[in-house]
Amino acid sequence: MISVKKVDNRPLNFLERIYLPEIVRGLLVTSRHFFVNLFNPKGMPTVQYPEQKLPLPHAAKERTRHRLKLRADGTPKCVACFMCQTACPAYCIRIEAAEYPDNPVEKSPAVFDIDLSRCVMCGMCVEACPEDAIAMDTLEIPGGALSRAQLKLTKEDLLMTLPGDPSDKGAANRLANEHMKSRGEA
Amino acid sequence: MPKITIDGKTLEVAKGTTVLTAAQQLGVHIPRYCYHPKLSISGNCRMCLVEVEKAPKLMTACSTEAADGMVVHTATDKVKAARRDVLEFLLINHPLDCPICDQAGECGLQDYYMDYSRAKSRFAQADKVRREKRRVMGPHLVLDNERCILCTRCVRFCSEVTKTSELEVMERADHSFIDAKEGRALDNDYSLNIADICPVGAWTSRDFRFKQRVWFLKKTPGVCLGCATGCLTEIHHNEGVIYRIMPRPNADTNTWLCDPGRMAYKAAQAGDRLKKGVIKNGLIDLEPALREAASRIDEHHEAAAVLGSPWLSVEDNAALARFAKDGLKTKNYSFDFDPEQGIKDGILINKDPAPNAAGARKVKAAAGGLSFKELSAKVASGEIKVLVAEARAAGLLKEELKAGGARLIVFAMNRSEIPAGAYATLPYASYFETPGTFINFQGLERRTEPTAAAAEGVKPLWAVIGKLSAYSGGSLRLESAQDALKGI
Ligand code: SF4
Ligand code: FES
């Protein structure tokens with residue numbers, strides 16, 4: 001439903017044009033909030049983020065800061081296929097690929113940067129990933145940094161396993177699983 | 001001349017034309033893997049099946065000759081089902097490598113799967129036939145036998161185009177795989193074409209490997225400057241970095257591209273690219289280097305000489321000619337290059353390694369000057385005190401320079417190009433960074449287009465010459481490459 005609000009653009013009358021009564025009216029609103037909140041701080045809707053956090057509703061948990069998942073042998077699940085970089089509407093992912101000398105997975109990311117100051121938290125990278133290697137489930141809400149540089153995540157910042165994460169057991173990648181099995185790591 | 005009807009459109013074709021090429025003339029695309037216009041017909045992939053009226057079975061369009069009165073349908077349900085089934089066969093054992101495969105994005109299997117199949121696999125991943133992956137084959141290629149669909153394009157390329165026959169299909173039936181013959185290395189001069197013609201990701205380039213996804217690449221038409229053949233190329237680049245050079249097939253010169261030609265972009269992006277001037281062995285900023293070079297030239301205005309270069313574009317040679325004639329007002333200049341030209345190996349590589357001898361001759365026709373012999377004699381005798389030349393062209397006068405002891409002022413792109421004993425070196429922009437006209441051995445005029453920006457301060461050669469002329473008195477007023485061409 002679209003609601004329409006009609007704005008009455010009549011010319012200001014004399015009392016409004018001298019401003020003083022309107023300023024007093026505005027100050028009264030401000031002071032009412034000030035005193036109400038002063039004597040009843042529990043009623044304030046403001047949350048002191050980041051010291052204080054509200055529990056996230058279910059869907060929002062999947063839209064928190066990114067991480068890159070790890071396999072059981074500690075290698076990133078990411079194979080640097082560039083799907084997320086391609087899908088990202090904000091152009092905030094930058095990948096450079098490298099080659100494993102021995103691991104038959106062949107390809108891995110040498111560089112994996114996410115610029116959170118550009119990220120729009122849309123989750124397209126998670127959707128696009130064919131290896132289930134990127135997730136947005138760290139429950140950290142990015143923001144509140146003092147410089148843009150602090151909002152830049154590198155591969156080292158991103159690679160992490162969360163407690164109870166089943167992702168390092170088996171992967172979408174058959175070659176990786178076989179490689180781990182052959183070395184007794186699966 | 002047989003008349004053939006394809007999807008309701010009738011066409012008269014030359015005798016011997018296949019149904020596939022006839023359809024192509026009508027603008028009907030028939031999917032294909034093993035067919036390649038420049039290779040013999042093999043007819044093994046079955047992707048091109050079409051329905052021919054009165055024929056009991058579907059026919060392969062690539063190997064069926066058009067006959068008079070033939071009526072062909074390429075989009076019936078039967079044909080569509082056949083394409084789906086052929087794709088299912090090809091994909092049964094194909095690995096799920098797309099995330100790590102460089103071919104992804106320009107892969108025949110991906111494209112036709114999206115166009116003609118979109119069926120779910122009915123086979124388990126665990127049952128796929130395993131083959132050797134990631135095998136380095138020769139200096140330029142990696143072979144992944146699991147991805148191969150056995151179309152034999154690569155085998156036919158090696159036996160028909162390069163005639164080196166390194167590759168062969170080993171074993172039979174579902175044991176078949178591609179391999180080099182025993183004791184043979186895949187090191188012919190055209191091996192990277194195999195990565196281009198392989199319709200899947202079985203052959204990939206070692207140089208391009210994992211550098212960039214193909215859908216990020218932008219394509220600019222170019223000209224190969226590796227030899228006098230002057231093949232047409234397509235330069236694939238992204239964000240100012242060149243990643244690979246591909247052939248731009250044309251009837252005049254080339255379908256393929258040689259491996260050295262494909263690697264030519266590397267020098268333009270090498271670490272030793274000159275961004276500043278060099279005096280003797282020390283780097284200095286461009287402006288003082290220009291001033292120093294100009295004052296050395298000024299010491300011997302009469303005894304200064306200018307040598308053109310078959311490695312430079314027509315515009316830059318013309319600028320050199322104007323520098324000699326209008327700037328230095330010397331008679332000692334030569335644009336006379338007449339090396340032996342012609343295809344050396346029967347495929348593409350030319351006997352003349354310089355791309356633009358004909359272009360230099362064009363400048364000579366307009367500006368005159370000494371013959372190359374006369375100039376080299378003057379240099380050898382010591383009559384010439386300062387020689388201004390492009391680095392590789394100066395290399396042609398190595399002995400003479402040593403004998404005559406003239407000061408050498410060269411234009412060079414890379415540090416490694418600078419000839420020993422050069423007094424001053426001035427950098428200039430490569431033809432990946434600035435446009436230039438080149439004339440190949442057949443007399444065809446071809447222009448390069450810039451794909452990347454030159455490093456800060458590095459200018460096209462005609463602009464460097466313009467500045468040099470301004471410092472040594474008598475400015476040429478070169479504002480653009482077109483100014484240099486005045487009178488040529
Ligand atoms: S390697 Fe490529 S070109 Fe050679 S047979 Fe296999 S699919 Fe065809
Ligand atoms: S293209 Fe006709 S059978 Fe392969």
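Each chain gets a letter, A, B and so on, in the order the sequences are listed, and its residues count up from 1. Only a predicted model underlies this, so the values are computations on that prediction, with no experimental measurement involved.
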Write out all pairs satisfying ring-ring contact (aromatic ring centres under 6.0 Å, His included) with one or both partners inside residues 85-118 of chain A, taking only residues at least two apart or from two chains.
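Listed by first then second residue: nothing to list.
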Chain B contact via Leu175(A) - side chain, backbone, both or neither, heavy atoms under 4.5 Å:
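For Leu175(A), the side chain is the part near chain B, not the backbone.
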Go through the atoms of Thr86(A) and report whether side chain, backbone, both or neither lie under 4.5 Å from a heavy atom of chain B.
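Both parts, backbone and side chain.
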Between the side chains of [Y] and [X], is the shortest nitrogen-to-carboxylate-oxygen separation below 4.0 Å, so that they form an ion pair?
X	Y	result
Arg25(A)	Glu22(A)	yes
Lys133(B)	Asp144(B)	yes
Arg206(B)	Glu99(A)	no

Face-on cation placement of Arg131(B) at Phe177(B) ring, 6.0 Å and 45° thresholds:
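No, Arg131(B) does not sit over the ring of Phe177(B).
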Residues in side chain to side chain donor-acceptor pair (under 3.5 Å) contact with Glu62(A), at least two apart in sequence or another chain
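Result, side chain to side chain donor-acceptor pair (under 3.5 Å) vs Glu62(A): none returned.
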Contact listing (chain A partner; residues 213-221 of chain B; heavy atom under 4.5 Å)
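When heavy atoms of chain A are the reference, residues 213-221 of chain B contributes Arg213(B), Trp215(B), Phe216(B) within the under-4.5 Å range.
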For residues 99-117 of chain B, give me every residue with a non-hydrogen atom less than 4.5 Å from any non-hydrogen atom of chain A.
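Counting heavy atoms that sit under 4.5 Å from chain A, the residues of residues 99-117 of chain B involved are Pro99(B), Ile100(B).
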Please say which of Ile194(B), Val169(B), Leu150(B), Asp179(B) ends up in a side chain to side chain contact (heavy atoms under 4.5 Å, CB included) with Val155(B).
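Looking at Ile194(B), Val169(B), Leu150(B), Asp179(B), the match for Val155(B) under the side chain to side chain contact (heavy atoms under 4.5 Å, CB included) is Val169(B).
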Any donor-acceptor pair under 3.5 Å linking the side-chain atoms of [Y] with those of [X]?
X	Y	result
Ser416(B)	Asn414(B)	no
Asn193(B)	Arg153(B)	no
Thr154(A)	Asp157(A)	yes

